[in-house]
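So the structure is just underneath, and the comments pick up after that.
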Amino acid sequence: MALRLVDGGIPSFEWKLKRFEIPFSEEELEELKRKVEEGELDEKKAFKKRYEYKDDPDANLELYRKILQKLPNMPGSLVLARTVGSSMVILEVFKSELDLREDFKHSKKHLSEEEVDRYSWLKKLTKEDGVGEIRFLIGRAA
């Protein structure tokens, strides 16, 4: 049986990062003040704010919940795919005979000889394995 892929308005999963300001330590501030006073550094550049990107667990979990809400609660097929250039690579075809949303939500994946929930699996794919975006498409019988 062939599947026709339908974009059902389900958001793609992409690991989100949040920008945080890195505060200066007291030692760093003293050193910067000394360098500015001695003329080694420009004052504007010396005290310029520093930032780093860290995981945003709240935004990622909220995105996962939105994806689950958009899944139909009836029998069907779900195709998880990633895009590489202009082509799609299918990661998994998930089928449910009863309730696609609940079955997907409670399903497990095997990673390194352990079972993990779907959220942890998506996190590993996007964060550790370098998959930028995972698309969720509904499969209809063609």
Side-chain angles (χ1 to χ4, degrees), residues 1-36 38 40-142:
M1 172 176 82
L3 285 179
R4 180 173 48 98
L5 300 180
V6 178
D7 185 356
I10 303 168
S12 296
F13 187 85
E14 188 173 3
W15 196 254
K16 307 257 185 243
L17 300 173
K18 188 174 184 179
R19 189 172 92 156
F20 290 94
E21 184 178 343
I22 304 171
F24 290 104
S25 68
E26 289 297 322
E27 295 83 24
E28 287 175 315
L29 282 174
E30 291 301 319
E31 182 67 20
L32 289 172
K33 285 178 187 177
R34 184 190 62 75
K35 287 183 177 183
V36 167
E38 293 176 0
E40 293 178 34
L41 281 176
D42 180 44
E43 189 172 354
K44 283 186 178 181
K45 290 182 181 179
F47 298 105
K48 188 176 180 181
K49 291 183 179 182
R50 303 179 298 175
Y51 297 96
E52 72 176 340
Y53 288 92
K54 294 182 181 178
D55 290 343
D56 190 351
D58 295 334
N60 291 315
L61 190 56
E62 183 62 30
L63 176 59
Y64 179 68
R65 288 180 178 150
K66 282 182 186 176
I67 290 169
L68 289 177
Q69 286 175 343
K70 293 279 189 172
L71 293 178
N73 56 350
M74 55 190 214
S77 298
L78 178 67
V79 176
L80 284 77
R82 68 181 272 201
T83 51
V84 178
S86 61
S87 62
M88 278 192 348
V89 176
I90 294 176
L91 299 171
E92 178 181 8
V93 177
F94 184 84
K95 295 180 182 180
S96 172
E97 300 294 325
L98 300 172
D99 186 336
L100 186 61
R101 180 185 305 157
E102 288 300 314
D103 288 349
F104 182 78
K105 180 178 172 181
H106 296 294
S107 66
K108 304 283 185 188
K109 288 294 287 182
H110 290 282
L111 289 177
S112 307
E113 299 180 17
E114 67 176 284
E115 279 191 340
V116 296
D117 59 47
R118 285 291 176 162
Y119 178 74
S120 299
W121 178 70
L122 289 169
K123 175 182 176 181
K124 183 190 180 318
L125 283 177
T126 55
K127 189 175 174 189
E128 297 171 18
D129 293 350
V131 176
E133 175 183 59
I134 299 174
R135 295 186 60 197
F136 291 77
L137 303 162
I138 302 298
R140 302 269 187 237

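It should be emphasised that the depicted structure is a prediction, and the values quoted were computed from it without experimental measurement. Sequence positions, counted from 1, serve as the residue numbers for this chain.
Considering only heavy atoms from C-beta on, Lys105 stays 4.5 Å or farther from Leu71 through its side chain. You'll find the side chain of Leu78 reaches within 4.5 Å of the side chain of Ile138, heavy atoms only. Side-chain contact between Asp55 and Leu17 is present, with at least one heavy-atom pair separated by less than 4.5 Å. Residues Thr126 and Glu14 fail the side-chain proximity criterion, which asks for heavy atoms closer than 4.5 Å. The side-chain heavy atoms of Leu125 and Trp15, taken from C-beta on, include no pair separated by under 4.5 Å. Put simply, the side chain of Trp121 does not reach to within 4.5 Å of the side chain of Ile134, judged on heavy atoms.
Atom CD of residue Glu113 and atom NE2 of residue His110 lie 10.5 Å apart, to the nearest 0.5 angstrom. Rounded to the nearest 0.5 angstrom, Glu43 CD and Leu41 CG are separated by 10.5 Å. Here CD of Glu92 is found 5.5 Å from CG of Leu80. Values are rounded to the nearest 0.5 Å. Considering CZ of Arg118 and CZ of Phe13, their distance stands at 12.5 Å, rounded to 0.5 Å. The CG atom of Asn73 sits 15.0 Å away from atom CZ of Phe104, with the distance rounded to the nearest 0.5 Å. Here Ser120 contributes atom OG and Lys127 contributes atom NZ; the two are 11.5 Å apart, rounded to the nearest 0.5 Å.
Scanning both residues, Asp7 and Arg135, for their nearest heavy atoms gives OD2-NH2, 4.0 Å. Closest of all the heavy-atom pairs between Met88 and Ala81 is CE-CB, 4.2 Å. Between Val36 and Ala46, the shortest heavy-atom contact is CG2-CB, 3.6 Å. Taking each heavy atom of Tyr119 and Pro57 in turn, the nearest pair found is OH-O, 4.0 Å. In terms of heavy-atom proximity, Lys95 sits nearest to Ser77 at CG-OG, 3.5 Å.
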>> Checking Lys18 against Asp58 for the salt bridge (Lys or Arg N to Asp or Glu O under 4.0 Å) test, could you report, in this order, the C-alpha distance in whole Å, the side-chain angles of both residues, the deciding distance, and whether it holds?
In response: CA-CA 10 Å; Lys18 188 174 184 179; Asp58 295 334; over 6 Å; no
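Other residues, nucleotides and ligands contribute more than 12 heavy atoms inside 6.0 Å of the CD atom of Glu128. Annotation for Tyr53: atom OH does not count as buried by contact number, only 12 or fewer foreign heavy atoms lying within 6.0 Å. With a 6.0 Å radius and a threshold of 12 heavy atoms from other residues, nucleotides or ligands, Glu102 has its CD atom above the threshold.
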List the atom pairs, donor and acceptor, that lie under 3.5 Å between side-chain atoms in residues 59-67 and the rest of the protein, sequence neighbours left out.
residue	atom	partner	partner atom	Å
Asn60	OD1	Lys16	N	2.7
Asn60	ND2	Lys16	O	3.3
Asn60	ND2	Asp56	O	2.9

Taking only distance into account, with no hydrogens and no angle test, what donor-acceptor pairs under 3.5 Å do side-chain atoms of residues 19-26 form with protein atoms, sequence neighbours excluded?
residue	atom	partner	partner atom	Å
Ser25	OG	Glu27	OE1	3.4
Ser25	OG	Glu28	N	3.2
Ser25	OG	Glu28	OE1	3.4

